[in-house]
2 protein chains.
Amino acid sequence: MSGHESAVAHLRSEGYRMTPQRLSVLDIVAGRPGHIGADEVWNLAKEQHPYVDLATIYRTLQLLKRLGVVTEVVIGNKLHFELANHHDRHNHMVCSECDSVQTLSPAYLAEFSQRLQQEFGFTPDLDNITIGGLCSICQPQG
Amino acid sequence: MSGHESAVAHLRSEGYRMTPQRLSVLDIVAGRPGHIGADEVWNLAKEQHPYVDLATIYRTLQLLKRLGVVTEVVIGNKLHFELANHHDRHNHMVCSECDSVQTLSPAYLAEFSQRLQQEFGFTPDLDNITIGGLCSICQPQG
DNA sequence: ACCGTTATTGCATGGATTTGCGATAGTGGA
DNA sequence: TCCACTATCGCAAATCCATGCAATAACGGT
């Protein structure tokens, strides 16, 4: 329901074409509350279009990321994606020990981001920043 | 000369063994002022030990990273490494458009890091954080 | 409804990094 | 100095993601 008709319009207005494969990927990511791995997107997409190739999934996800329709989360050595909800932006903290994920308000990064912009003219890709580290449970020795 | 006898001792004290391959990797990374790609480490290492395998290079670099001896910089789709100089810590801003790299004082991340620690008990891996985004030259239209 | 242009796909291939496993070689102790 | 234990290595294969290319299919114009 909600989100992605606008995404379709966005694609069209930029000269991109709307294909069943892209619609599938969009539906799958939009239908998932949290983030989802590329391989999982592929498995679900195959239910609708048995011949979709994994490369198409990757290309579509990168395209949607470039357009700001989805955001990327690095978990372990894998990429996950989720629908970009502009009313509920958030970043992720991923534990390198147990791969657990916590969400983080972008407010925590706002000042940092502004300083990079002002002092270096560098625009960090805030939406797709994943913070790695150790969660409270996995801290060294007790 | 300077740095890495202590690293050798550190390895030993943790029960790791000191092998010629590991020494090579350490020497190579230490002998390089800036960061160096895994493949480049491999090429240089082969000059000393023609049979070293690339997998050994990767395993060694990951080990040295875990021990805090080297830090990792994500540039494009490749991993680079540099000797962790505790007197000159810095992070990196990498442009996703042109792959240019700028260094950044960790002071910019200090407050952010402290808040994650205090409010979530999450310890970000500050030394290995790479900030992706667009450099001043690659900004859209302008 | 048809056509032409060209964006997109599937397939095959390639690059970067990781992992499983049997063989090898550090290291501490006798 | 020699041994035993086991961390580490080299090799091969696997994983994840990206890319080149010819065939296909969207979509705007007719």
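Chain letters run A, B, ... following the sequence lines, proteins first, then strands; residues in each count from 1. Keep in mind it's a predicted model, so treat the numbers as computed, not measured.
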message = Side-chain heavy atoms under 4.5 Å apart, restricted to Ile/Leu/Val/Met/Phe/Trp/Tyr: what other residues fall into the cluster of A/L134, or is it alone?
response =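 Listed partners: none, A/L134 stands alone.
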
key: Side-chain cluster (under 4.5 Å, hydrophobic types only) that B/F122 belongs to, other residues   =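 Members other than B/F122 - counting any ILVMFWY side chain reachable under 4.5 Å - are A/M93, A/L104, A/Y108, A/L109, A/F112, A/L116, A/F120, A/F122, A/L126, A/I129, A/I131, B/M93, B/L104, B/Y108, B/L109, B/F112, B/L116, B/F120, B/L126, B/I129, B/I131.
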
inquiry  = Quick test of your reading of the model: are B/D127 and B/K65 salt-bridged, counting only N-O distances below 4.0 Å?
reply    = no

So, [X] and [Y]: side-chain donor and acceptor under 3.5 Å apart, yes or no?
X      : Y      : result
B/H90  : B/E82  : yes
A/Q139 : B/T123 : yes
A/H35  : A/R32  : no

ask   = Any side-chain heavy atom of B/V29 sitting closer than 4.5 Å to one from B/L64?
value = no

request  = Return the residues of residues 15-45 of chain B meeting this criterion: a heavy atom under 4.0 Å from some atom of DNA chain D. Order them by number, or give none.
outcome  =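 Heavy-atom contacts with DNA chain D come from B/Y16, B/R17, B/T19, B/Q21, B/R22.
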
task = Please name all residues satisfying ring pair (Phe, Tyr, Trp, His ring centres under 6.0 Å) with B/H49, sequence neighbours left out, ordered by chain then number.
result =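 With neighbours one apart ignored, the set is empty.
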
Send over the distance from [X] [atom1] to [N] [atom2], rounded to a whole Å.
X     : N      : atom1 : atom2 : value
B/K78 : C/dG14 : NZ    : P     : 17 Å
B/L63 : C/dT17 : CG    : P     : 17 Å
A/I57 : C/dT9  : CD1   : P     : 9 Å
B/N77 : C/dA16 : CG    : C1'   : 8 Å
B/R12 : D/dT6  : CZ    : P     : 19 Å
A/E14 : C/dT8  : CD    : P     : 11 Å
B/L54 : C/dT17 : CG    : P     : 8 Å
A/E72 : D/dC16 : CD    : P     : 15 Å

message = Strictly below 4.0 Å: does A/Y58 bring a side-chain N or O up to OP1 or OP2 of D/dA18?
response =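 No.
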
Angle by which the axis turns from one end of the helix from C/dA1-D/dT30 to C/dA30-D/dT1 to the other, five pairs per end, to 10 degrees =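 It comes to 30° between the two terminal axes.
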
Donor-acceptor contact present, side-chain A/R22 to main-chain A/R17, <3.5 Å =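 Checking the backbone N and O of A/R17 against the side chain of A/R22, a donor-acceptor pair under 3.5 Å is found.
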
Might you list the N or O atoms of the protein lying below 3.5 Å from N or O atoms in nucleotides 11-13 of chain C, with each pair's distance?
none

query = Is the ring centre of A/H80 less than 6.0 Å from the ring centre of A/H92?
reply =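 Centroid distance A/H80-A/H92: not below 6.0 Å, so no.
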
ask   = Applying the 4.5 Å side-chain criterion to the ILVMFWY set and letting contacts propagate, would B/M18 and B/V52 be lumped into a single cluster?
value =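 B/M18 clusters together with B/V52.
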
